[in-house]
Amino acid sequence: MSRWIILGIALLAAPAALAQGKPAVTEGGDKARSQGQSQGQSQAPAPAPAGGLPLQRGFYVSAETACGRASNATLLLLRRNGIGGARDFCEFRTVTAAGPDRYSVTQACRELGRGGEDEAETVIYEVTSRTSFRRTSPDGQVRAARFCPQRSLPAAWRDNDIRELVR
């Protein structure tokens, strides 16, 4: 499978700092935090990978799907900068704690392979463990997913090199 197809299968990322009331991760997260410190704020910067959700990066499948039966319709890839599937990708713009294990994520989504504007939306992620989540869209649609080790996926995804996407 080509690298371009892998780019079309995208997903989410990780820090527990948000649950401790640390500032939201935004585009340029470390830079923004260091500028805040230079303005006299005493809060130590927390390590916050892009994405800002306390989830393991990699492949996720719909909760009701066995890892070995994943398909384009059920598979997501949580990347360092967003999440997506075979047809779309949502880049995380901000991640803000919204309660215990809940995060409000502002994201810019686009259909892959089509031109046009990104569509901004805010979704709620409920992190049920480091390897599972429930995402609620603005229209009320809920999608639950869980992490699958890459080696447990069907052959079409098993050998793809996703290291640069999830680093």
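Numbers here simply count residues along the sequence, with the first being 1.
Residues Val123 and Gln107 meet the side-chain proximity criterion, which asks for heavy atoms closer than 4.5 Å. The closest side-chain heavy-atom distance from Tyr60 to Thr65 is not below 4.5 Å. Using a 4.5 Å heavy-atom cutoff, the side chains of Leu75 and Leu153 are in contact.
Under the side chain to side chain contact (heavy atoms under 4.5 Å, CB included) criterion, Arg146 pairs with Val61, Cys67, Ser132, not counting sequence neighbours. For Thr131, the side chain to side chain donor-acceptor pair (under 3.5 Å) partners at least two apart in sequence or on another chain are Ser129. Under the salt bridge (Lys or Arg N to Asp or Glu O under 4.0 Å) criterion, Arg167 pairs with Glu164, not counting sequence neighbours. Arg134 is linked by a salt bridge (Lys or Arg N to Asp or Glu O under 4.0 Å) to Glu126, counting only residues two or more places apart in sequence or in another chain. Residues meeting the salt bridge (Lys or Arg N to Asp or Glu O under 4.0 Å) test with Arg110, sequence neighbours left out: Asp118. When the salt bridge (Lys or Arg N to Asp or Glu O under 4.0 Å) test is applied to Glu121, no partner is found at least two apart in sequence or on another chain.
Here Arg143 contributes atom CZ and Thr74 contributes atom OG1; the two are 7.5 Å apart, rounded to the nearest 0.5 Å. The CG atom of Leu76 sits 4.5 Å away from atom CD1 of Ile83, with the distance rounded to the nearest 0.5 Å. Here the straight-line distance linking atom CH2 of Trp157 with atom OG of Ser152 works out to 12.0 Å at 0.5 Å rounding. Atom CZ of Phe133 is separated from atom OH of Tyr125 by 5.5 Å, given to the nearest 0.5 angstrom. Rounded to the nearest 0.5 Å, atoms OG (Ser71) and CZ (Arg69) are 9.5 Å apart.
For the pair Arg79 and Phe89, the cation sits on the ring face: its NZ or CZ lies under 6.0 Å from the ring centre, inside 45° of the axis.
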- [ ] Begin with the C-alpha distance, continue with both residues' side-chain angles, and end with the deciding distance and a verdict on side-chain contact (heavy atoms from CB on, under 4.5 Å) for Gln150 and Asn160.
- [x] CA-CA 9 Å; Gln150 191 172 4; Asn160 291 323; 3.9 Å; yes
- [ ] Please test Thr122 against Thr106 for side chain to side chain donor-acceptor pair (under 3.5 Å), starting from the C-alpha separation and ending with a verdict.
- [x] CA-CA 4 Å; Thr122 300; Thr106 301; 3.3 Å; yes
TODO: Begin with the C-alpha distance, continue with both residues' side-chain angles, and end with the deciding distance and a verdict on side-chain contact (heavy atoms from CB on, under 4.5 Å) for Tyr103 and Thr96.
DONE: CA-CA 5 Å; Tyr103 300 87; Thr96 307; over 6 Å; no
